[in-house]
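Letters go in sequence order (proteins before strands), and every chain restarts at 1.
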Protein chains: 2
Amino acid sequence: MPQTTNPPRLSERSLYLFRSLVEHFIHDGQPVGSRTLARDIGLELSPATIRNIMADLEDMGLLHSPHTSAGRVPTVKGYRLFVDSLLRVHQLNNREIERIAEELNPGHDKQALLKRTSSLLSEITRLAGVVMLPRTEQRSLKRVEFVALSDNRILVILVISDNEIQNRIIHTARVYSSSELQQASNYLNEMFAGKDLPSIRSEILKELKKMKENVNQIMQTAIEMAQQAFMSADTRDDYVLAGQTNLMDVAELCDVERLKKLFDSFNQKRDILHLLEQSIHAKGVQIFIGEEAGYDVLNNCSVVTSPYEVDGHILGVLGVIGPTRMHYERVIPIVDITAKMLGSALNSYN
Amino acid sequence: MPQTTNPPRLSERSLYLFRSLVEHFIHDGQPVGSRTLARDIGLELSPATIRNIMADLEDMGLLHSPHTSAGRVPTVKGYRLFVDSLLRVHQLNNREIERIAEELNPGHDKQALLKRTSSLLSEITRLAGVVMLPRTEQRSLKRVEFVALSDNRILVILVISDNEIQNRIIHTARVYSSSELQQASNYLNEMFAGKDLPSIRSEILKELKKMKENVNQIMQTAIEMAQQAFMSADTRDDYVLAGQTNLMDVAELCDVERLKKLFDSFNQKRDILHLLEQSIHAKGVQIFIGEEAGYDVLNNCSVVTSPYEVDGHILGVLGVIGPTRMHYERVIPIVDITAKMLGSALNSYN
DNA sequence: GTTTTGCACTCTAATTAGGAGAGTGCTAGA
DNA sequence: TCTAGCACTCTCCTAATTAGAGTGCAAAAC
């Protein structure tokens, strides 16, 4: 027996046909019929043959007919196969790469940079762009400063990395003089600068236990303040979303009900955050197609994500949200490169 | 001649009828016919009479028929009359007032409070809530601090009012020691604390001119830094919007095209900002109905705004955006009270 | 054995027609 | 000045029809 057929009956030709169909569908959103396919692909096959093949593909769960006499549409499983094995990823041309590099030059503060990244993703892909903010956990303290405000309140400034600053206001039992505050911050900077927040927290706890023996007033003041400043809830996870409205142009989602649900879940953030977290330890670009993601609101949507990192440390995840019928061959490299460029832009902050 | 008719032929009865019609339409969104009105209002009038009156009202431009055999619908001019002269504003019940007071207690920082206010407006009205952020201009500096970062970069912390902090990063020609920075900030605090930003700017300019004669190194350093810290572009105007998605439930706007345009203009912010600015010096609640506002995207929308103030100084404007067919009698007092409560919440920061 | 042709069949989308319902404007009468 | 009556108009809903696209299957061709 000659080696012509693949294990589950996926001949070279079937795959080629399948790929053409998916590309066709992604291109113009209409179910693809056998006639069209016969005309448009290079192969000299009659529509009938193509129908036979399509019937096989449908049996395998890769295609689906909306109804008897419409053409075929890829299923989630079909998109999966397409994306994993058949996709020909475009190279971005230099203009596009330059554009990204230019827009992500480390100009302003970190928060602004992340916003910019998100907008950039949405502008280039004409879909929704999302950038998950770095968790405080993974970054280290550069410096802490105290500023006395009125009424026992103290402004705590945490400089996390050069371009990221967090402000917190704490309330103290008594009023501290600014020299006391100065001493406290000197002490804390000496002790904690360069360490990451979780370890700072555990050290604070240790110090608190030792407190009774310790009569040094400065240290005591400092640790008391540190407790309030650092022990407060972690800066909650969050993300920046841009270009929601681009999704309103997408035919598949063009129904106010659906869109409202989708937008509501963008606002609640919970589901999207879960999804993004899933890919935080993925290597490179990851793709969630339709129901695969496990969130109903994302049916008919795909999410293309990539973690971004500095010095090998993953800081967060960014990505693009669009219809399952998106131009993966373009979106994937865009997400990939943007993640890398964001990483290096952030790197220059250190 | 008895004093029964108003100048442009608006009898008591016509007005009553008109008000009933508008209320009816606001309630269920359907054009109101003469039969319905005859049935539902207290007056013992036949539909035919009501038709005559409605015809008059239509001639005056207060009503409009979508087509020959639909009922009538108020025009923009009609809404205007309704809102200005006929509206019976509801008193909010205590539960609602308490709710607002509770949510707007000055817990976190100012930014968070404004966000909360915006969400609150949208939740209570089930429409979109918007809060314009205070302009930096109108507030005074409490304190300025410098923190040296790496590479000639200095973190400037402007404490504007106790709970509002702005961070800026400036680049300097040479590296300054932290004691130099300390001296500079002491000097500037002495000089500028308590003054508002525009006057600080003009003083800086004066000082710069005097510079040549002045050989005091500390002052020179300080003024150079101040120049960079304060002269940078004003914190641009901005607003916080919440509950966009509520508008997707509104039947009149339920068309993806329209909604997209509306949302896009929310994102661009320009138009909405212009509109909000218009009412910054209005006394109390102001209402823009449909085309009145002069922005096409806001056709079929009304905006109810009120400035909020502390100590008689207007800080900004907040409001609600919804369909022209909104429950003005509820929305108006909500906007009014929220503005007042926000004012007093902000007041407690001083 | 694979591919093609031919044909009956199915389903959608667009068009048309018919009626029900709501509301109007007008005129004549109370 | 108001009411009653009536013809008229317009929308909305439903049903029926048709054209078009695409399928599946069986028999013929390669």
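In terms of polar N and O atoms assigned as donor or acceptor, the side chain of B:Arg51 comes within less than 3.5 Å of the base of C:dG25 in a complementary pairing.
Considering every non-hydrogen atom in both B:Met54 and B:Arg72, the closest pair reads CE-NH1, 3.9 Å. The heavy-atom pair separating B:Ile287 from B:Val285 by the smallest distance is CG1-CG1, 4.2 Å. The two residues B:Tyr328 and B:Ser302 come nearest to each other via the heavy atoms OH-OG, 2.7 Å.
Counting to the nearest Å, the C1' atom of D:dG22 and the CG atom of A:Asp40 are 16 Å from each other. Here D:dA21 presents its P atom at 13 Å from NE2 of A:His67, a figure rounded to the nearest Å. With rounding to whole Å, B:Ile50 atom CD1 is found 15 Å from C:dA22 atom C1'. If you take CZ of A:Arg72 and C1' of D:dT23, they are 7 Å apart, rounded to a whole angstrom. Computed from coordinates, the A:Arg13 CZ to C:dG1 C1' distance equals 12 Å when rounded to whole Å. Atom NE2 in B:His64 sits about 16 Å away from atom P in C:dG23, given to the nearest Å. The interatomic distance linking A:Asn52 (CG) with D:dC25 (P) rounds to 9 Å, in whole Å. At whole-Å resolution of the value, CG in B:Leu63 and C1' in C:dT24 are 14 Å apart.
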Got a list of side-chain donor-acceptor pairs under 3.5 Å for residues 292-300 of chain A, not counting sequence neighbours?
residue: A:Glu292; atom: OE1; partner: A:Arg80; partner atom: NH1; Å: 2.6
residue: A:Glu292; atom: OE1; partner: A:Ile289; partner atom: N; Å: 3.0
residue: A:Glu292; atom: OE2; partner: A:Arg80; partner atom: NH1; Å: 3.0

Could you list the donor-acceptor pairs under 3.5 angstrom formed by side chains in residues 30-43 of chain A, with sequence neighbours left out?
residue: A:Ser34; atom: OG; partner: A:Arg51; partner atom: NH1; Å: 3.2
residue: A:Asp40; atom: OD2; partner: A:His24; partner atom: NE2; Å: 2.8

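Backbone-only contact: A:Glu44 has heavy atoms under 4.0 Å from sugar-phosphate atoms and none from a base. Nucleic acid contact class of B:Ala70 (heavy atoms, under 4.0 Å, all strands): sugar-phosphate only. Across all strands, B:Ser65 comes closer than 4.0 Å to no nucleic acid atom at all (heavy-atom distances).
Between A:Thr68 and C:dT10 there is no side-chain N or O to OP1 or OP2 distance below 4.0 Å. For the pair B:Arg35 and D:dA4, the criterion of a side-chain N or O lying under 4.0 Å from OP1 or OP2 is not met. In this structure, B:Arg39 does not reach the C:dG23 phosphate: none of its side-chain N or O atoms is under 4.0 Å from OP1 or OP2. Between B:Ser69 and C:dG23 there is no side-chain polar atom (N or O) within less than 4.0 angstrom of OP1 or OP2.
For A:Glu23 and A:Arg88, the salt-bridge test passes: some basic side-chain N is under 4.0 Å from an acidic carboxylate O.
Side-chain N/O atoms of A:Ser46 and A:Thr49 include a donor and acceptor closer than 3.5 Å.
For B:Leu45, the side-chain atoms get nearest to D:dT3 when compared with the rest of C:dT4, C:dG23, D:dT3. Among C:dG25, D:dT3, D:dT23, the nucleotide with an atom closest to any side-chain atom of B:Thr49 is D:dT3. Among D:dG22, C:dT3, D:dA4, the nucleotide with an atom closest to any side-chain atom of B:Ser46 is D:dA4. Nearest nucleotide to the A:Ala48 side chain, out of D:dA4, C:dT4, C:dT3: C:dT4.
Within residues 17-25 of chain B, no residue approaches DNA chain D, by heavy-atom distance under 4.0 Å.
Counting non-hydrogen atoms of other residues, nucleotides and ligands closer than 6.0 Å to CZ of B:Arg19 gives a total above 12.
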